[in-house]
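Have a look at the structure below before the remarks.
Below, chains carry the letters A, B, ... as their sequence lines are ordered, and counting in each starts from 1.
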Protein chains: 2
Amino acid sequence: MKSKKAPTLNQRIRSDIESRILSGEWEPGYRIPFEHELMEQYGCSRMTVNKVLTTLAESGMIERRRRAGSFVARQPPHLEHVALEIPDIAVSVIQRGHAYGFQLLEHAHRKARAGQAEELALVGAGKLLAMRCLHLADGKPLALERRLINPEAVPETLEVDFSVQPPGSWLLQNVSWTRGEHRISAVAATAEEAALLQVPAGTACLTIDRQTWRGEQPITWVRQKFLGDAYDLIARFAPGNR
Amino acid sequence: MKSKKAPTLNQRIRSDIESRILSGEWEPGYRIPFEHELMEQYGCSRMTVNKVLTTLAESGMIERRRRAGSFVARQPPHLEHVALEIPDIAVSVIQRGHAYGFQLLEHAHRKARAGQAEELALVGAGKLLAMRCLHLADGKPLALERRLINPEAVPETLEVDFSVQPPGSWLLQNVSWTRGEHRISAVAATAEEAALLQVPAGTACLTIDRQTWRGEQPITWVRQKFLGDAYDLIARFAPGNR
DNA sequence: TAGTGGTCTAGACCACGCT
DNA sequence: GCGTGGTCTAGACCACTAC
């Protein structure tokens, strides 16, 4: 026996409308009942139906026009914005049923190098923590990571032993951030990278660059190169998200 | 002179709270004022502050616990979910300041082939529209696309002249969908693909597989292979989105 | 068990924009 | 002009949970 919580009236109205739209019963452009009609139909106050319709409009599923009514959106929520998952590598490997391994290859606390734009962007003239590490799945190399951390934003980072814990996992669990930017591309592994990843030089790698900030202060920059055939990103989209 | 619309009380309260959190004045874990305190502070009813706090909780910026209060979220909204832009290629190329070009290489209306899982998933035993095309930027190959369309979901598609208009652009403008799934990886171009893209065989390509549905009905499946060094995806994250 | 958030009501006034 | 949605009020009852 499954005993479900009684859904709230709000949820009932919302799912009623959503399923009519998704089933195609109410096609794009269809004028859905006015708020006062829904009030009567569900025997509730206007605030309740208004909240539902406002939420649906924010999610992009309907459009509302004063004096005209509310309509099933002609363009379903933008294709350009889909939810992309970029999980912690360690968690992701374990979830896929492999053993996770990690090697810290380099570790330095030094000034930013003049030629490295990403280093200067992170700390300016100050010092940074620079690391290079290798992620393994079932003992085989999966990804190569170059990681920079701004110790001014995260002083505790100087005390952490990153030979045990990957910096990405530690940061995810311990440091909060407010903004991030990712760039995803495909590149061929250089000879040196290929050697570390134990693949032929030129092998296609999925490359993710990510920088995160807290407010205006940069926290970390990372470039991860994944073996293209061993790792992929998945993005899903369903209405109601945006 | 800039004359702004007076923001609603709701918006004022929301931005007040957001800016305190983002500035760090209210750190993660901080207990924000109770609803009745905010009511008094802003001289408004409880519904108004409740709506603001509920919205902030949905966006992941705060957490609410009965009998305890509302708290600045310890983990800012999930890293795993960032907004990824996957725009129309034609639009994207033009936006980047290049001339867009398009070539339809193959075009067939036929049954799904037994060995092709993606074809069977799309139309089962029915017919499908199969295309192959090349996207160009400034006359140079940028991406190779294999596109399948389910004519049962989109009958009009049989009338469209895809030698003029890329199928992706047409679909985006004319067909609504409710669900999508993307897979992003890096692969080496095969000899044949490399020839079409005018690059050496084995060149790293950013590969995007996408399938979309309307309700339970599959609409289209597409695999795009972009030259890795000529194209990248950008994903941004900022609080308030999810 | 007391106080918080979760939900809902039955009104109200206003701004906008079809007609 | 007038009907729609946009916003807000001043209550209410309930469920949950920290104390």
Expressed as a whole number of angstroms, how long is the span from [X]:[atom1] to [N]:[atom2]?
X: I62(B); N: dT4(C); atom1: CD1; atom2: C1'; result: 13 Å
X: H36(B); N: dG11(D); atom1: NE2; atom2: C1'; result: 17 Å
X: R14(A); N: dT7(C); atom1: CZ; atom2: P; result: 13 Å
X: E35(B); N: dA15(D); atom1: CD; atom2: C1'; result: 14 Å
X: R64(A); N: dT4(D); atom1: CZ; atom2: P; result: 12 Å
X: R31(A); N: dG3(D); atom1: CZ; atom2: P; result: 14 Å
X: N10(A); N: dG6(C); atom1: CG; atom2: P; result: 13 Å
X: E58(B); N: dG6(C); atom1: CD; atom2: C1'; result: 12 Å

Next on the checklist: Here's a test for you: under side-chain contact (heavy atoms from CB on, under 4.5 Å), which of L56(B), L53(B), I17(B), T55(B) qualifies with M61(B)?
Outcome noted: L56(B)
Item to check | Separation of I219(B) CD1 from L148(B) CG (nearest 0.5 Å) | outcome: 13.5 Å
Next on the checklist: Is it the case that the base of dC18(C) and the side chain of R65(A) share a donor-acceptor contact (distance under 3.5 Å, atom types as modelled)?
Outcome noted: no
Next on the checklist: Here's a test of your reading of the structure: between R67(B) and P33(A), which maps to the more 5' nucleotide of DNA chain D?
Outcome noted: P33(A)
Checklist entry - So does R146(B) pair up with E119(B), basic N to acidic O under 4.0 Å? => result yes
Item to check | Residues E35(B) and R64(B) bridged, charged N to O under 4.0 Å | outcome: yes
Item to check | Phosphate OP1/OP2 of dT4(C) contacted by S70(B) side-chain N/O (<4.0 Å) | outcome: no
Checklist entry - Is a side-chain donor-acceptor pair under 3.5 Å present for Q224(B) with E145(B)? => result yes
Item to check | Partners meeting ring pair (Phe, Tyr, Trp, His ring centres under 6.0 Å) with W213(B) (sequence neighbours left out) | outcome: none
Checklist entry - Of all the choices, dA15(C), dT4(C), dT9(C), which nucleotide is nearest to the side chain of R66(A) once you look at every atom? => result dA15(C)
Checklist entry - Can you say whether the rings of H107(A) and F162(A) are parallel (under 30°), tilted (30 to 60°) or perpendicular (over 60°)? => result tilted
Checklist entry - Which of residues 42-53 of chain B have a heavy atom under 4.0 Å from DNA chain D? => result G43(B), C44(B), S45(B), R46(B), M47(B), T48(B)
